[in-house]
Protein chains: 2
Amino acid sequence: MRRDVFQAISDPTRRAIISLIALHAMTPNALAAHFDTSRQAVSKHLRILTECQLVKQHFQGREIYYQLEVSKMKEIDKWLEQFRKIWEQRFNELDSVLLTLKNKENES
Amino acid sequence: MRRDVFQAISDPTRRAIISLIALHAMTPNALAAHFDTSRQAVSKHLRILTECQLVKQHFQGREIYYQLEVSKMKEIDKWLEQFRKIWEQRFNELDSVLLTLKNKENES
DNA sequence: TATATTTGCAACTGATTGGTTTCATAAATA
DNA sequence: TATTTATGAAACCAATCAGTTGCAAATATA
């Protein structure tokens, strides 16, 4: 059973859940109201999200509120870092090409 | 067949491929040398990456070079944007709490 | 106390996944 | 020309996935 942040966000329903609970905690029932699938299906998604620590639950009577562990999202951000460097570099290269062209223009 | 960037990066082998070709284009054979799996398995991953336009192929004789479409990675970055706002906000809230404490300290 | 509500868990199901082996095609090379 | 090399595609397989239905447990309410 692979269970990491990347696998967690691969499912569109789970991405929607993540977005919904990002601002304030929600119960499984309240969440399920936003989807076409059953309450149990949403519960299963929540279990997966909990297992990879993207979500934290806090109990209040018989209700369970699920809240996003925003800091865990940084793991994705961290992985993206390597590419961010590349796309900035590519942009700078394009920049210097334009600069070279401009200089040549001035010389002639 | 769901085929989007998020599903593409959910597989660890595919993430490794993406990282490898990020800097310079590589052939399937050269890529396969980095993994325990067969050349065909890598080829299948490359097809998935191509289908969701994360990768571009350019032909050179009988060899096919695969290159990362870095700009496509920005789609993930874009989705992360909403959470980046939240974790910055949380940080600022913490900041103002600390500031309030400090002010109270000065008053007394 | 009896009933309704909120929830997680287990069993099942069809679809998808990541891998394999086998084959066909096209380009390079002996 | 015959052979080797680089590649994609098809057929198959076991494991996993996302969904379902049905059930048990615990809390709230009548």
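Just so it is clear: chains get the letters A, B, ... in the order the sequence lines come, proteins before strands, and each one is counted from 1.
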* **Side chain B:Ser10, main chain B:Gln7, donor-acceptor under 3.5 Å** => yes

* Closer than 4.0 Å, any side-chain N/O of B:Tyr66 to the OP1 or OP2 of D:dG8? -> yes

* In whole Å, what is the span from the CG atom of B:Asp11 to the C1' atom of C:dG19? -> 11 Å

* To do: Compare side-chain N and O positions of B:Gln7 against OP1 and OP2 of C:dT17 and report whether any pair is under 4.0 Å apart.
  => yes

* **d(OH, B:Tyr65; P, C:dA27) in whole Å** => 16 Å

* Check whether any side-chain nitrogen or oxygen of B:Arg14 sits under 4.0 Å from OP1 or OP2 of C:dG19, and answer yes or no. => no

* Asked: What is the distance from CD1 of A:Ile48 to P of D:dC17, rounded to the nearest Å?
  -> 7 Å

* Counting only side-chain N and O atoms of A:Ser43, is one of them less than 4.0 Å from OP1 or OP2 of C:dG8? -> yes

* A:Asn29 side-chain N/O to C:dT7 phosphate OP1/OP2 under 4.0 Å -> yes

* Asked: Of the candidate nucleotides D:dT4, C:dA4, C:dT20, which contains the atom at the shortest distance from the side chain of B:Ser38?
  -> C:dT20

* Structure fact -> Atom CD of A:Glu63 and atom P of C:dA4 are separated, to the nearest Å, by 19 Å

* Residues B:Gln82, A:Ser19; criterion side chain to side chain donor-acceptor pair (under 3.5 Å); working and verdict -> CA-CA 8 Å; B:Gln82 58 185 309; A:Ser19 290; 3.2 Å; yes

* To do: Write down the distance between CZ (B:Arg62) and C1' (C:dT29), rounded to a whole number of angstrom.
  => 8 Å

* Quick one: CD1 on B:Ile17 to CG on B:Asp11, what's the gap to the nearest 0.5 Å? -> 8.0 Å

* Structure fact -> Here the distance between atom P of D:dG19 and atom CZ of A:Phe35, to the nearest Å, is 10 Å

* B:Gln40 vs C:dC23: side-chain N/O to OP1/OP2 distance below 4.0 Å -> no

* Between C:dT17 and B:His45, is there an OP1 or OP2 to side-chain N/O distance shorter than 4.0 Å? -> no

* Give a yes or no on whether the backbone of A:Ala8 and the side-chain of A:Arg14 come within a donor-acceptor separation of less than 3.5 Å. => yes

* Asked: Roughly how many Å is it from NZ in A:Lys44 to P in C:dA10, rounded to a whole number?
  -> 11 Å

* Could you say whether A:Asp36 or B:Ile64 is positioned toward the 5' end of DNA chain D, judged by the nucleotide with the nearest heavy atom to each? => B:Ile64

* Donor-acceptor under 3.5 Å (A:Arg15 side chain, A:Ile9 main chain) -> yes

* Residue A:Ala41, side-chain atoms from C-beta onward, closest of C:dT7, D:dT20, D:dG8 -> D:dT20

* Integer-rounded Å distance: D:dA24 C1' and A:Arg39 CZ -> 12 Å

